[in-house]
Amino acid sequence: MTEYRPQHLDKKWQERWTTDREFEVETDPAKPKYYCLEMFAYPSGHAHVGHVRNYMIGDIMARTKRMRGYNVLHPFGWDAFGLPAENAAIQTGMHPEESTLSNIAHMKGQLQRLGISYAWEREIATCGPEYYKFNQWLFLKMYERGLAYRRRSTVNWCPKDNTVLANEQVIDGLCWRCGSSVEARDLEQWFFRITAYAEELLAALGTLQEWPDKVAVMQRNWIGRSEGARLTFPVSGTADAVEIFTTRIDTIFGATFVLLAPEHALVERFAAESPDPAALRAKVRQFRALDREARLTGAIEKEGFDTGRTAINPFTTKAVPIWVANFVLAEYGTGAIMAVPAHDQRDYEFARKYSLPIRVVIHPGGTVPSVETMTEAASAYGTLVDSGEYSGLESATGITRMIRDAEARDIGKGEVQYRLKDWGVSRQRYWGTPIPMIYCQRDGIVPVPYDQLPVELPKVAQFTGRGDSPLGSVPEFVNCTCPSCGGPARRETDTMDTFVDSSWYFLRFCDPTNTELPFATRDAAYWMPVDFYSGGIEHAILHLLYSRFFTRVLRDVGLIAMDEPFKRLLTQGMVLKDGAVMSKSKGNVVDPDSMLSKYGADALRLYVMFVAPPEKEIEWSDSGLEGSFRFLLRVWRLVDHWTDVVRAVDSTVPVGEWTDAEKALRRRTHETIKRVTADIEERMHLNTAVSSLMELVNELYAFSDATPRGGPSRVDTATGVVGRAQTGFVLREAIHALVMLISPFAPHMAEELWEMLGHAGGLRSEPWPSYDAVVAAPEEVVVPVQINGKVRARLTVPAGLSEKELEARALADSTVQGHLAGKTVRKVVMAKGPLVSVVAS
RNA sequence: GCGAAAGUGGCGGAACUGGCAGACGCGCCGGACUUAGGAUCCGGUGGGGCAACCCGUGCGGGUUCGACUCCCGCCUUUCGCACCA
């Protein structure tokens, strides 16, 4: 009996895989490719079993596809720029580069000990100049195409930390770090014009057949397409006009006032021209100081004030008051709306509060709304009333005609608006990619020439957490010469959002050492798209949307010819401990290293795959891991027990009679091959793949016990002979299949067992086992017989029996007869399965 | 509030297109081996009943020969969206 020593095997095989460059691949158009990718990691320092699960799922797929004959690209890398390293530097003084590189080294060791089949020679870290050079290259391409531009915008500002916060760092309007209330602040920022691709990004969601619906829905909501109209309301007595956007032009005859966002350009104009500018400006300031998050989410009381001016409703030609309202968003549409209180709940509340006029212009059907009795807006579509020549039209028709007429009269046009906004990429931070732009007093904004890339991040910078860009305090970085005129100039001191890094890293993996281009077209054309991509649902919008955007930009730049980067997407569930997400502060982190030293990588891998389907959340369980370990021991003992027999026979099918047990084991073997293959490749139900393997092992134990030698637990007979050639053959077939099929889950053990079975050259010396439908076909089937919907009997009959014969046998069965006593058979249904359903009364 | 998904033994979960509910594992119970076992192997394990049998997939209806699966209504949970004009 050979002892199972998982830690020894882990080390042995991991070293051999590295030495043999087992998982390294080259572009080879002659071979079918498979690109398997898991979302790369932020190097926080420690992998926990939640990470482990994601990487395992990809590894199962990569290893299976490799054995199925594909040229498999399975790389890994590090999303290495980011705030945490810089924040740590502010507190501890350790330079972000130092802490990041040491974290990467530690986590890499952890992943390697799990035996994940990565092409480590392609490893990338986004904080290296050889990588971020191409962030800058891409930025310049975007700038040339008008897709990168600079403008003033409002950002989240934490007054205590004196720093800008990303949207996702603002939790319920508070700073995630210090809990201060976040303010709005205006800054000059660089933006990527993702809105230029809004329509395409939305439309192409329908082509993502192998994405979870949920993710597509979230992206659809995020893009938020609305069809409507832009209309001009001239300001009475001036040449000014208020532009509004509405999706309900059919209600325009009920538009009894106009609302402006506090930030709207006309507001300041009106204030300046008013008798008391200070009073109006104070009001505006008050609105703008309101909690930004609350304003965006509607958690504020609606308030407004009258500007004293009026505008002309272009359809009624009547003057309506212009108010400023705190709930109107400057960043959506035109920053101004026509208010239709009768048919919009928000406008209704506002009108009631300030006693503004309400006019019903739609009859939705049912009771007719009246201004006197209504308690909420009637927002449904219906029939237009009191709407001049449009009265009597249905909403849909009204909308079409009104837009047509507005265009004819040059007072408006049909327009599509998106909720999606351009992507602000400037960060007033150090640990990121420097934005490759130069400001010259003479020439203005000048891009850094391509041959001067990368603009390297200087090593020295102070981390005070003051909020201004740390690069600004490095004179040798800031001061430069203008590439255009050669005069003195200043560099941009902001760095890029780290989402830029992750928006194209999957392309870099195709050609990770290219120094001239982000990647060569030839390599990307071969490997892309990513065939299988897995990661957390928390990236459903940002990362996945940005990546889809970048892929299109690179297409338009001419580097690639595809639209969508990720063919099949799997969003894996989290690993919980005591019902909560693992985190250091909760003290419920399960450390993979301690599991590895106790059970080895294979047991851990098998457990996280077996406990639930990949998409589901799982609750960590030590006893579950223990069970998986026991199963591996069971496999080990079984294979070890039969090694000499398996080695002594070959793949020649012996001539002669088979016993029922032998036939049954062959059937089980082939059924298992079929199920495991489909479970991995098609359904991604890795838990049921493992249970099929367990069933095969259980059957092999039972089969072994019935042989002359006996089973693995009967140590005393372990050297006994088998005698029958057929028995040796089915054992060989079953054990070979078992070792092959289990190898994606437990690769270290499988390699060792494969070697013990007499094979040199590793598991790839033999292809994935193939399913034989003839062998798997049963000779007899058990057919349930239902009487009035309840199973009353089971018949064992030869497979392939005709329906007529089957029906006759079912009705003749004594148990069935008993249940039919005193009843008349009304109908007999022969269902696939097969199954017989008798209706009697 | 709107939208989506889910609800199955003591627990994690199976049941693929409407066809044998509870595969597989954990836990528990019993047995074998053993000085001993928390190792290993074998057996049992949804509830009720001595049994034939009855009940059972959140609740209430419906469609069907047949429903965990489809339809309608409700309850609960989770997730997403939420003043976007």
Side-chain angles (χ1 to χ4, degrees), chain A residues 212-215 217-218 220-222 224-226 228 244-249 251 255 259 294-300 302 325-329 331-340 343-347 349-350 379 417-421 537 540-541 606-607 610-613 615-619 621-628 630-631 633-634 637 675 678-679 682-683 685 687-695 697-698 701-702 705 710-715 782-794 818 826-840:
Chain A
D213 289 343
K214 188 182 182 175
V215 176
V217 167
M218 284 166 72
R220 193 166 287 127
N221 289 340
W222 186 262
R225 185 182 194 275
S226 299
I244 62 100
F245 175 75
T246 179
T247 54
R248 292 297 302 274
I249 193 174
T251 64
L259 294 175
R295 254 189 92 191
L296 286 174
T297 57
I300 48 164
K302 288 176 183 54
N326 61 356
F327 69 92
V328 177
L329 305 173
E331 54 267 63
Y332 184 79
T334 60
I337 61 169
M338 66 176 206
V340 185
H343 305 294
D344 182 285
Q345 186 59 25
R346 296 156 297 183
D347 301 345
E349 289 169 26
F350 196 84
S379 54
Q417 281 288 339
Y418 298 92
R419 187 180 167 278
L420 180 71
K421 299 181 187 83
I537 186 78
I541 295 173
L606 194 79
Y607 166 66
F610 174 61
V611 68
E615 298 87 347
K616 278 201 73 156
E617 275 183 352
I618 59 174
E619 171 70 27
S621 144
D622 286 340
S623 58
L625 175 58
E626 182 88 34
S628 292
R630 277 206 296 267
F631 170 68
L633 276 172
R634 216 165 133 76
R637 277 193 303 270
R675 283 181 57 188
D679 279 352
E682 291 158 33
R683 305 203 305 155
H685 281 197
N687 55 330
T688 52
V690 176
S691 44
S692 299
L693 291 169
M694 289 172 167
E695 287 179 75
V697 169
N698 290 345
Y701 266 76
D705 276 338
S713 52
R714 308 245 305 270
V715 181
V782 175
V783 181
V785 182
Q786 294 181 346
I787 297 165
N788 293 336
K790 289 186 194 294
V791 177
R792 294 299 185 184
R794 291 189 172 83
R826 303 289 175 192
K827 188 174 171 187
V828 180
V829 181
M830 307 300 294
K832 61 187 178 327
L835 173 145
V836 182
S837 182
V838 182
V839 188

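By convention in this document, chain letters (A, B, ...) are assigned in the order of the sequence lines, proteins followed by strands, and residues within each chain are numbered from 1.
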Identify the heavy atoms of A:Pro834 and A:Pro784 that sit nearest to each other, and give their distance. O-CD, 3.5 Å
Take atom C1' in B:A14 and the same atom in B:C74, then report the distance between them in whole Å. 28 Å
Please give the distance between the C1' atoms of B:A23 and B:U8 as a whole number of Å. 13 Å
Just call it for A:Gly789: base, sugar-phosphate, or nothing, with non-hydrogen atoms closer than 4.0 Å on any strand. sugar-phosphate
Watson-Crick or G-U stems of RNA chain B, 3 or more pairs, under 3.5 Å, by first number: B:1-7 with B:75-81, B:10-12 with B:24-26, B:27-32 with B:40-45, B:46-48 with B:53-55, B:58-62 with B:70-74
Going from CD on A:Glu349 to CZ on A:Phe327, what distance comes out if it is rounded to the nearest 0.5 angstrom? 8.0 Å
How long is the line joining CG of A:Leu633 and P of B:U40, in whole Å? 7 Å
Here the gap from A:Arg248 atom CZ to A:Ile337 atom CD1, rounded to the nearest 0.5 Å, amounts to 13.5 Å
Which heavy atom in A:Val839 sits nearest to a heavy atom in A:Asn788, and how many Å separate them? CA-OD1, 3.5 Å
What distance do A:Leu329 atom CG and A:Thr334 atom OG1 have between them, rounded to the nearest 0.5 Å? 11.0 Å
Provide the distance between the two P atoms, one in B:U45 and one in B:A52, to the nearest whole Å. 14 Å
Test salt bridge (Lys or Arg N to Asp or Glu O under 4.0 Å) applied to A:Glu695 - qualifying residues, sequence neighbours left out: A:Arg668, A:Arg675
Taking the C1' atom of each, how far is B:C50 from B:A32, in whole Å? 29 Å
Treat primed atoms plus P, OP1 and OP2 as sugar-phosphate and everything else as base, then score nucleotides 43-64 of chain B 5' to 3': B for base contact with protein heavy atoms under 4.0 Å, S for sugar-phosphate contact only, - for none. ----------SSS---------
Would you measure the distance from the C1' atom in B:G9 across to the matching atom in B:C16 and give it in whole Å? 23 Å
Have a look at B:G9 and give me syn or anti from its glycosidic angle (syn if within 90° of zero). syn
Nucleic acid footprint by protein, nucleotides 16-27 of chain B - heavy-atom cut-off 4.0 Å, B for base, S for sugar-phosphate alone: S--BBS-BBSSS
When you measure from the centre of the six-membered ring of A:Phe350, is the NZ or CZ of A:Lys302 closer than 6.0 Å and no more than 45° off the axis? no
Taking the P atom of each, how far is B:C20 from B:U69, in whole Å? 13 Å
Among all residues two or more places apart in sequence or in another chain, which pass the salt bridge (Lys or Arg N to Asp or Glu O under 4.0 Å) test with A:Arg634? none
Under 3.5 Å, N/O pairs linking protein and nucleotides 4-8 of chain B:
none

Expressed as a whole number of angstroms, how long is the span from A:Glu349:CD to B:C83:P? 12 Å
Heavy-atom side-chain proximity of A:Glu626 to A:Tyr607 below 4.5 angstrom: no
Does the side chain of A:Arg637 get closer than 4.0 angstrom to OP1 or OP2 of B:C41 through an N or O atom? yes
If we take the P atom in both B:G1 and B:C70, what is their distance in whole Å? 26 Å
Spacing between A:Arg220 atom CZ and B:G80 atom P, to the nearest angstrom: 18 Å
All heavy atoms of A:Ala689 vs all of A:Asp679, minimum pair found to be N-OD2, 3.2 Å
Distance col, row A:Asp347:CG vs A:Leu259:CG, nearest 0.5 angstrom, shows 6.0 Å
Working to the nearest 0.5 Å, report the span between CD of A:Gln417 and OG1 of A:Thr246. 11.0 Å
Do other residues, nucleotides or ligands put more than 12 heavy atoms under 6.0 Å from A:Asp213 CG? no
Please state how far atom CH2 in A:Trp222 lies from atom C1' in B:C79, giving the value in whole angstrom units. 16 Å
Using the side-chain heavy atoms of A:His685, tell me which of these nucleotides is nearest: B:A15, B:A85, B:C81. B:A15
In terms of the nearest nucleotide of RNA chain B, which residue is placed more toward the 5' end: A:Met338 or A:Val838? A:Val838
Need to verify one output field. Residue with the more 5' nearest nucleotide on RNA chain B, A:Arg248 or A:Val611? A:Val611
Set out, in order, the CA-CA distance, both residues' side-chain angles and the distance that settles side chain to side chain contact (heavy atoms under 4.5 Å, CB included) for A:Lys214 and A:Ile537, then state yes or no. CA-CA 9 Å; A:Lys214 188 182 182 175; A:Ile537 186 78; 4.2 Å; yes
Qualifying residue for side-chain contact (heavy atoms from CB on, under 4.5 Å) with A:Ser837, from A:Lys827, A:Gln786, A:Met830: A:Gln786
P gap between B:G73 and B:A4, integer Å: 12 Å
How many Å lie between CZ on A:Phe350 and C1' on B:A85, as a whole number? 14 Å
Rounded to whole Å, CD of A:Glu617 lies from P of B:U77 at a distance of 16 Å
Of the candidates B:A85, B:C42, B:G13, the side chain of A:Tyr701 sits closest to B:C42
